[in-house]
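First the proteins, then the strands, lettered A, B, ... as listed; each starts at 1. No experiment lies behind these values; they were computed from the predicted model shown. All heavy atoms count here, side chains included; hydrogens, waters and symmetry mates do not.
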2 protein chains.
Amino acid sequence: MYTVEDIKQRLQDKGVSPSNYRIKILKYLLENKNHATVDKIYTDLKADMPTMSKTTVYNTLEIFIHNNIVQVITIEEGETRYDADTSTHGHFKCTVCGEVYDFDVTLPNIDTESLKDFEIEEKHIYYKGRCNKCK
Amino acid sequence: MYTVEDIKQRLQDKGVSPSNYRIKILKYLLENKNHATVDKIYTDLKADMPTMSKTTVYNTLEIFIHNNIVQVITIEEGETRYDADTSTHGHFKCTVCGEVYDFDVTLPNIDTESLKDFEIEEKHIYYKGRCNKCK
DNA sequence: GTATCTGCAAAACATTTGCAATTCT
DNA sequence: AGAATTGCAAATGTTTTGCAGATAC
């Protein structure tokens, strides 16, 4: 879906030099909108690139986060997920199958009294329950 | 603020037998709306009860969650927080001082096609940024 | 005296770190 | 060569687990 050139350009636009692993990892995240964990990325890419280490996945994601190329999705402990869509949108996690779905949401303006003079940098919203397949 | 009798009643109402530690831990969470981590609860209560182990804090919270006495607040990896207010409300975490603030919010029902026929059980929303003191 | 509750120590994980090895220019 | 990238192995920190000991009814 994405050419290597596309990805290279994206990385360079964000000021990140496009090494092979970085290209592969970003391509993976763009093409698999599955909110993958480090372990999933590692396992899936390992098939193609047996020499890649998990540390590289961690390092790369760290750089991506720092340069706003991916966002971190925290829904529950022990599984940090990564999303190449950095816009604010909701996530639904099915407690049965574990799948995470996106949903569009317009975040409400909050009661200004309680957070008066606060500087909001990130907004996250997630729901949990059973997806249509697991009901 | 809360008498031991109050807490006992609450626990029994939820079907949990009111042992001393359970009473103390729930009392702590009700009186300190600080979204404490296990470590904070442990450290703070340890002063009064030097014999209490961290395992007991984990065990107790597990029971509380299971019986809907507290809710889990997941904002970022490596620090699970607990809240004795089980209603749906927003949390703001200051990235400078680490403090977590509550805010009132009405979370939207999902209108779109995207989550058609999904069964929503929990709604969570959190913002991150700088609080009024750390701006 | 039987259930439940508690606590220690070890195990299990995800993530981070230090540093050496490799690669790229 | 020099700088950036990668990888191994150890360390860290949180949470879980197994089981033994203590406590409660």
Side-chain angles (χ1 to χ4, degrees), chain A residues 4 7-8 11-12 14-28 35-67 69-82 93 98 100, chain B residues 4 7-8 11-12 14-28 35-67 69-82 93 98 100:
Chain A
V4 170
I7 311 284
K8 261 191 189 164
L11 287 169
Q12 279 165 341
K14 298 278 190 171
V16 173
S17 68
S19 76
N20 277 340
Y21 288 155
R22 290 174 187 171
I23 292 168
K24 288 287 176 58
I25 292 172
L26 181 52
K27 194 166 190 290
Y28 176 87
H35 317 89
T37 60
V38 164
D39 199 64
K40 182 108 175 71
I41 298 168
Y42 174 69
T43 306
D44 286 357
L45 290 181
K46 189 89 178 167
D48 267 359
M49 304 180 288
T51 58
M52 186 185 63
S53 80
K54 199 179 268 194
T55 303
T56 295
V57 180
Y58 277 107
N59 289 339
T60 303
L61 290 170
E62 198 52 48
I63 292 168
F64 286 179
I65 292 158
H66 195 253
N67 291 279
I69 295 168
V70 301
Q71 70 166 310
V72 175
I73 308 294
T74 307
I75 299 182
E76 52 200 321
E77 275 308 300
E79 52 166 54
T80 307
R81 293 166 178 273
Y82 300 87
K93 175 163 179 177
V100 175
Chain B
V4 170
I7 311 284
K8 260 191 191 166
L11 287 169
Q12 278 165 343
K14 298 280 191 171
V16 173
S17 66
S19 76
N20 277 339
Y21 288 153
R22 290 175 187 170
I23 291 168
K24 288 287 176 59
I25 292 173
L26 181 52
K27 194 164 190 288
Y28 175 88
H35 316 89
T37 59
V38 163
D39 200 63
K40 182 108 176 73
I41 298 168
Y42 174 69
T43 306
D44 288 356
L45 290 181
K46 188 91 178 166
D48 267 359
M49 305 179 287
T51 57
M52 186 186 63
S53 81
K54 199 178 268 193
T55 303
T56 296
V57 180
Y58 277 108
N59 288 340
T60 303
L61 290 170
E62 197 52 49
I63 292 168
F64 286 0
I65 293 158
H66 195 254
N67 290 278
I69 294 167
V70 302
Q71 71 167 309
V72 175
I73 307 295
T74 306
I75 298 181
E76 52 200 320
E77 275 309 301
E79 50 165 56
T80 308
R81 293 165 177 273
Y82 299 87
K93 174 164 181 177
V100 175

Side chains of [X] and [Y]: does their closest heavy-atom pair fall under 4.5 Å?
X: T60(A); Y: I41(A); value: no
X: V38(A); Y: T80(A); value: no
X: I25(A); Y: F64(A); value: yes
X: I75(B); Y: T74(A); value: no

TODO: Please report the closest heavy-atom contact between P18(B) and Q12(B), naming both atoms and the distance.
DONE: CG-NE2, 3.7 Å

TODO: Indicate the atoms forming the closest heavy-atom contact of M52(B) with K46(B), along with that distance.
DONE: O-NZ, 3.2 Å

- [ ] Please tell me which of N20(B) and K54(B) maps to the more 5' nucleotide of DNA chain D, matching each residue to the nucleotide holding its nearest heavy atom.
- [x] K54(B)

TODO: For T51(A), report the nucleic acid contact type (base, sugar-phosphate, nothing); a contact means any heavy atom under 4.0 Å.
DONE: sugar-phosphate

Task: Heavy atoms from other residues, nucleotides or ligands near NZ of K54(A) exceed 12 (cutoff 6.0 Å) - done: yes

Open item on the list: Need the glycosidic conformation of dA3(C): syn if within 90° of 0, anti if not. Which one?
Closed with: syn

Task: S53(A)-Y58(A) side chain donor-acceptor pair, cut-off 3.5 Å - done: no

- [ ] Would you please test Y21(B) and L45(B) for side-chain contact (heavy atoms from CB on, under 4.5 Å) and show each step?
- [x] CA-CA 10 Å; Y21(B) 288 153; L45(B) 290 181; over 6 Å; no

- [ ] Any chance you could lay out the side-chain contact (heavy atoms from CB on, under 4.5 Å) test for Y82(A) and V72(A), step after step, and finish with the verdict?
- [x] CA-CA 5 Å; Y82(A) 300 87; V72(A) 175; 4.1 Å; yes

- [ ] Kindly state which residues belonging to residues 55-66 of chain B come within less than 4.0 angstrom of DNA chain D, counting heavy atoms of the residue only, listed by number.
- [x] T55(B), Y58(B)

Open item on the list: Going by purine N1 to pyrimidine N3 plus the second Watson-Crick contact, or the G-U wobble pair, all under 3.5 Å, which nucleotide sits opposite dT23(D)?
Closed with: none

- [ ] Just name whichever nucleotide pairs with dA3(C), Watson-Crick or G-U, keeping both distances under 3.5 Å, else none.
- [x] none

Euclidean distance, atom [atom1] of residue [X] to atom [atom2] of [N] [Å, nearest integer]:
X: K40(B); N: dT15(D); atom1: NZ; atom2: P; value: 15 Å
X: M49(A); N: dT6(D); atom1: CE; atom2: C1'; value: 12 Å
X: I41(B); N: dT14(D); atom1: CD1; atom2: P; value: 13 Å
X: R22(B); N: dA24(D); atom1: CZ; atom2: P; value: 13 Å

Open item on the list: Going 5' to 3' along DNA chain C, between which two nucleotides do contacts with chain B fall, using a heavy-atom cut-off of 4.0 Å?
Closed with: dC5(C) to dA9(C)

Open item on the list: Can you list, in residue-number order, the parts of residues 72-82 of chain A that come under 4.0 Å of DNA chain C, counting heavy atoms only?
Closed with: G78(A), T80(A)

- [ ] Please round to the nearest 0.5 Å and tell me the distance separating atom NZ of K14(B) and atom CD1 of I63(B).
- [x] 14.5 Å

